[in-house]
Amino acid sequence: LMVAEWLTNSTRFCINENFPTGSPSHCYWGLPSISADDSAYDSQGYWRGYVWGPMAQLTYWSLQQYDHLESVRSARKALCVQMTAMFLNMWNKHGHVCENFSPFEDTDDCAGD
């Protein structure tokens, strides 16, 4: 329930099992540091919306503990696809990765590092 209600919900943490199809532009890369439907969500607010690699890693490890559940395993794999695409997008465009990333699809470079 938590995975469906929060992690893979396109209005909250936006991990998309069909990425990139259906990813909302305001939360394209997934796993913002605060739920995208929270009143405090601000994509340019450092800890209020940016996507952070260490947070993604911690989430991945947490999901691994419940990998025996299909919904969790599917969400973990989707997280990997989205985070890999996000990092490679930056690497291929600029030859570097960032401390944090804007969740918006049209982000051109590092967000707030």
Would you call [X] and [Y] a side-chain contact if the rule is heavy atoms closer than 4.5 Å?
{"X": "Glu5", "Y": "Arg12", "value": "yes"}
{"X": "Val72", "Y": "Leu7", "value": "no"}
{"X": "Pro32", "Y": "Tyr41", "value": "yes"}
{"X": "Arg48", "Y": "Asp38", "value": "no"}
{"X": "Leu31", "Y": "Ile15", "value": "yes"}
{"X": "Phe101", "Y": "Trp52", "value": "no"}

Atom pair [atom1] ([X]) and [atom2] ([Y]), whose distance is rounded to the nearest 0.5 Å:
{"X": "Tyr66", "Y": "Ser71", "atom1": "OH", "atom2": "OG", "result": "12.0 Å"}
{"X": "Gln57", "Y": "Met83", "atom1": "CD", "atom2": "CE", "result": "11.5 Å"}
{"X": "Trp91", "Y": "Cys98", "atom1": "CH2", "atom2": "SG", "result": "11.0 Å"}
{"X": "Tyr28", "Y": "Ser102", "atom1": "OH", "atom2": "OG", "result": "13.0 Å"}
{"X": "Ser10", "Y": "Asn18", "atom1": "OG", "atom2": "CG", "result": "11.5 Å"}

Quick one: does [X]'s side chain have a donor or acceptor within less than 3.5 Å of a partner on [Y]'s backbone?
{"X": "Ser33", "Y": "Gly49", "result": "yes"}
{"X": "Arg76", "Y": "Tyr60", "result": "no"}
{"X": "Thr8", "Y": "Val3", "result": "yes"}
{"X": "Gln82", "Y": "Cys14", "result": "yes"}

hydrophobic_cluster_shared for Leu88 and Phe19, side chain cutoff 4.5 Å: no
Can you tell me if Met55 has over 12 outside heavy atoms packed within less than 6.0 Å of its CE? yes
Tightest non-hydrogen contact, residues Ser35 and Thr11, listed as OG-O, 4.3 Å
Between Asn89 and Trp29, the two heavy atoms sitting closest are ND2-CZ2, 3.6 Å
Full working for side chain to side chain donor-acceptor pair (under 3.5 Å) between Ser25 and Glu105: CA-CA 5 Å; Ser25 62; Glu105 180 177 10; 5.4 Å; no
